[in-house]
Amino acid sequence: MIQFEHVSKRYDEGFDALKDVSFTINTGEMAFLTGHSGAGKSTLLKLVMLMEQPTAGHIQVGEQILNRLGRHDIPYLRRSIGVVFQNHQLLFDRSVFDNVALPLNICGYSPEDAARRVRAALDKVGLLDREKMNPMALSSGEQQRVGIARAIVHKPKVLLADEPTGNLDPQLSAEIMRLFEQFNRVGTTVLIASHDLSLISSMRHRMLTLKSGRLIADG
Ligand code: ADP
Ligand code: ADP
């Protein structure tokens, strides 16, 4: 589902954020991406979601070979990917419901269909009773669950997360990870960047380790 072949990424400033990285994550797999701050985790995720282009190598997500994508293919690919950010990037000028509905607005669903999907997503993260609230009024764990509902509302094949538990205490972090496992069990391919080794080593999933832009361990 996600394949990197000899991928390197050099930013304009001349810094190699990724060096000759190769791996394959199969459909339905769940894996963690770990390494110290600056190791290249965010860069790798940005390449998968087309926020950055590789300097060298090939990247494939699903059937799409990213290097060969035209501009018109990019929105299509983004629709097959859901992304969860550390600071959840919720909009505080609208309700929980409207935040979760955002990815659907560009897909052209009818209001009824969109509402059904938003409520299904909120139900999956246990926040159905919060739909009318402003996300500002929620706890940080709940805010992150809204971020996850927004990431899965369009039923992506691939779910990416960048330090999704970065601001949460250990118990809430474990709950968030169990949510990701729940989506993985129904077939979503999941890749989570996290430097929280004690949490992720307790979870028995594949772990890809980056060090200074190189993939130094995979198992
Ligand atoms: P991580 O997510 O593991 O902390 P990043 O992928 O954010 O690592 O960063 C890897 C390296 O690339 C770091 O040294 C960082 O400073 C550098 N970097 C990240 N983004 C940019 C950018 N837009 N321009 C230049 N250098 C960057
Ligand atoms: P559709 O609406 O495409 O006909 P279903 O009604 O069978 O599909 O969908 C079941 C529910 O699962 C939907 O309401 C949907 O919102 C929800 N769902 C959302 N994201 C995911 C996901 N990543 N994996 C599984 N189910 C999801």
Side-chain angles (χ1 to χ4, degrees), residues 1 25 27-34 45 49 78-107 109-206:
M1 179 59 84
I25 294 175
T27 302
E29 207 175 344
M30 174 156 168
F32 288 109
L33 184 61
T34 190
L45 294 182
M49 62 181 106
R78 289 230 174 99
R79 254 174 254 172
S80 67
I81 299 177
V83 186
V84 177
F85 301 94
Q86 170 173 1
N87 58 1
H88 54 68
Q89 300 191 351
L90 299 178
L91 302 175
F92 290 144
D93 64 349
R94 61 197 78 190
S95 67
V96 164
F97 181 99
D98 289 337
N99 267 276
V100 175
L102 278 174
L104 299 179
N105 295 344
I106 53 164
C107 296
Y109 291 110
S110 70
E112 298 75 28
D113 199 17
R116 185 179 66 79
R117 284 167 188 270
V118 169
R119 296 206 171 96
L122 283 172
D123 188 33
K124 287 198 168 73
V125 301
L127 290 177
L128 202 45
D129 56 345
R130 304 286 207 283
E131 66 170 62
K132 291 194 179 66
M133 285 176 73
N134 186 293
M136 213 172 343
L138 300 179
S139 70
S140 49
E142 288 168 335
Q143 289 177 347
Q144 190 53 292
R145 277 149 63 197
V146 176
I148 294 172
R150 184 185 53 190
I152 56 92
V153 70
H154 57 307
K155 290 203 210 167
K157 294 187 174 68
V158 177
L159 185 54
L160 305 175
D162 196 356
E163 301 288 353
T165 63
N167 296 323
L168 303 177
D169 65 39
Q171 195 196 327
L172 284 174
S173 298
E175 279 173 27
I176 293 292
M177 289 301 183
R178 277 196 289 277
L179 267 180
F180 284 112
E181 287 183 320
Q182 193 178 305
F183 290 112
N184 175 245
R185 271 198 295 276
V186 296
T188 310
T189 305
V190 179
L191 179 60
I192 302 173
S194 172
H195 62 252
D196 189 347
L197 271 180
S198 59
L199 174 63
I200 65 183
S201 54
S202 71
M203 291 180 63
R204 296 209 198 95
H205 291 287
R206 180 175 169 191

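Shortest non-hydrogen contact noted between V153 and V100 is CG1-O, 3.3 Å. Nearest heavy atoms, A193 versus P164: O-CD, 3.6 Å. When all heavy atoms are compared, the tightest approach of Q143 to L138 is NE2-O, 3.4 Å. Nearest approach of R145 to L179, heavy atoms of both residues: CG-CD1, 3.5 Å. The minimum heavy-atom distance linking Y109 with L104 is given by the pair CE1-CD2, 3.2 Å. Taking every heavy atom of both residues into account, L199 and A174 meet most closely at CD1-CA, 4.1 Å.
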Identify each donor-acceptor pair in which a side-chain atom of residues 127-136 lies under 3.5 Å from a protein atom, sequence neighbours left out, and give them as a table.
from : atom 1 : to   : atom 2 : distance (Å)
R130 : NH2    : E142 : OE2    : 2.6
E131 : OE1    : R119 : NE     : 2.7
E131 : OE2    : R119 : NH2    : 3.1
N134 : OD1    : M136 : N      : 2.8
N134 : ND2    : F92  : O      : 2.8

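R117 has its side chain out of reach of H154: every pair of non-hydrogen atoms, C-beta onward, lies at least 4.5 Å apart. Contact annotation: the side chain of V158 never approaches that of I25 to less than 4.5 Å [non-hydrogen atoms, C-beta and beyond]. For the pair L102 and R94, the minimum side-chain heavy-atom distance is below 4.5 Å.
Among residues two or more places apart in sequence or in another chain, the side-chain hydrogen bond (donor to acceptor under 3.5 Å, both in side chains) test is passed with S198 by D196. Remark: T27 engages M1, T189 in a side chain to side chain contact (heavy atoms under 4.5 Å, CB included) (not counting sequence neighbours). Listed by chain and residue number, V84, L159 satisfy the side chain to side chain contact (heavy atoms under 4.5 Å, CB included) test with A151 (two or more places apart in sequence, or in another chain). Residues passing the salt bridge (charged side-chain N to carboxylate O under 4.0 Å, His left out) test with E29 are R206, sequence neighbours excluded. Residues satisfying the side chain to side chain contact (heavy atoms under 4.5 Å, CB included) criterion with S80, sequence neighbours excluded, are L77. N87 meets the side chain to side chain contact (heavy atoms under 4.5 Å, CB included) test with F85, Q89; sequence neighbours excluded.
Sorted by first and then second residue, the side chain to side chain donor-acceptor pair (under 3.5 Å) pairs involving residues 176-185 (not counting sequence neighbours) are E181-H205.
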